[in-house]
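Below is one structure, written out as C-alpha cells; the observations come after it.
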Amino acid sequence: LFIVLIIVASFSPLVDWGQKHKIPRLLSTIVIFIFLFGIIFLLGYLIVPPLVNQVIDLANNIPKYASQHNFSFESVKNYTIQTNLIDTIKSNVGNISKNLSSASSTIFAALAAAFGGIASFIIALALTFYLLLTKNEITEGILSYIPKRRKELVKRVGGEILLKLGAWARGQFLLCLTIGLVIGVA
C-alpha cells in the first residue's frame, strides 16, 4: 500500500495539472498509464532480444570455449576417477526419490509466489488508478474525521508530505534513468 501511495504522489501533480487545464482526471490517468506501459514494453523490447542473442551465442560457442581451455573428455575422466565422482552421483541419484516430495512443495511455493507477485502488481495498478481518479474525494473523506480547528493544518501538512514524497520518487526515477543511460552508453 505504501508503494501505491508513492506512485500516486508521483503522478498526482500531473493529473492535477491536467485538471487545471480542463483535462478530465480519467483521461489524464489513462494517458499516464499508457505512458508507463509504453516505457515497460520499450524496456522489454530493448533488453530481451540482446539477452536472448547472448544466450544463443553462449550455447553455440561452448565447444570453442572448451577447446580454448584444453577441455577434453580425458581430463573429465581423470577428474571423475580422482574425486570419486561416479560414487557421489550414484548416491545422489538414490536420494532423488526421497527429495521429490520436498521438491514438489518447493515448486508449488515458487508458483504461488509468482502468481502472488503478479496479483499484487495488478492490485497495485488498480489501486493507483483508483486513487489518482478519486484523490479529492478521498482527501475530503479523511478530513471529515479531523476536528474542524485542525482540518486546514492537516490538509496543508498532508499536501506538503505528498508533494515532497512525489518529488523524491520522481527524482529517484530520473536518477535511475540517468544511471541506466550512462551505463548503456559506456
Enumerate donor-acceptor pairs with a distance under 3.5 Å from any side-chain N or O in residues 173-182 to protein atoms, sequence neighbours excluded.
unit_1	atom_1	unit_2	atom_2	d
Thr178	OG1	Leu174	O	2.8

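Nearest heavy-atom pair, Ala169 versus Ile6, reported as atom, atom and distance to 0.1 Å: CB-CG2, 3.6 Å. Closest approach of Arg170 to Ala9, counting heavy atoms only: NH1-O, 3.6 Å.
Cluster membership check: Ile30 shares its hydrophobic cluster with Ile32, using side-chain heavy-atom separations under 4.5 Å among Ile, Leu, Val, Met, Phe, Trp and Tyr. Leu43 and Val52 are not part of a single hydrophobic cluster, where members link through side-chain heavy atoms under 4.5 Å apart. Under the 4.5 Å side-chain heavy-atom criterion for ILVMFWY residues, a single connected hydrophobic cluster contains both Ile123 and Val8. A continuous path of ILVMFWY side-chain contacts below 4.5 Å connects Ile7 to Val15, so both sit in one hydrophobic cluster. A continuous path of hydrophobic side-chain contacts links Leu127 to Leu36 [ILVMFWY only; heavy atoms under 4.5 Å].
Each salt bridge (charged side-chain N to carboxylate O under 4.0 Å, His left out) pair with one or both residues in residues 116-126, not counting sequence neighbours, would appear here, but there are none. Within the structure, the salt bridge (charged side-chain N to carboxylate O under 4.0 Å, His left out) test picks out no pair touching residues 2-13 (sequence neighbours left out).
For Lys164, the NZ atom sits in a loose shell: 12 or fewer heavy atoms of surrounding residues, nucleotides or ligands are nearer than 6.0 Å. Counting non-hydrogen atoms of other residues, nucleotides and ligands closer than 6.0 Å to CD1 of Ile3 gives a total of 12 or fewer.
Leu14 CG to Ile23 CD1: the interatomic distance, rounded to the nearest 0.5 Å, is 10.5 Å. Ile146 contributes atom CD1, which lies 8.5 Å from atom NZ of Lys151 (distance to the nearest 0.5 angstrom). Separation of atoms OG (Ser28) and NE2 (His21) is listed at 11.0 Å; rounding is to 0.5 Å. Rounded to the nearest 0.5 angstrom, Leu26 CG and Thr134 OG1 are separated by 11.5 Å.
Partners of Val55 by side chain to side chain contact (heavy atoms under 4.5 Å, CB included), not counting sequence neighbours: none found. In terms of the side chain to side chain contact (heavy atoms under 4.5 Å, CB included) criterion, residue partners of Asp16 (sequence neighbours excluded) are, by chain and number, Ser12, Gln19, Arg25, Lys135. For Phe33, the side chain to side chain contact (heavy atoms under 4.5 Å, CB included) test picks out Thr29, Phe37, Leu125, Thr128, Phe129, Leu132, with sequence neighbours left out.
Counting heavy atoms from C-beta on, the side chains of Ile39 and Phe35 come closer than 4.5 Å. A heavy-atom distance below 4.5 Å is found between the side chains of Leu5 and Leu131.
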Exercise. Go through Arg156 and Glu160 one step at a time and tell me if the salt bridge (charged side-chain N to carboxylate O under 4.0 Å, His left out) criterion holds.
Key: CA-CA 6 Å; Arg156 183 178 51 81; Glu160 287 178 19; 3.4 Å; yes
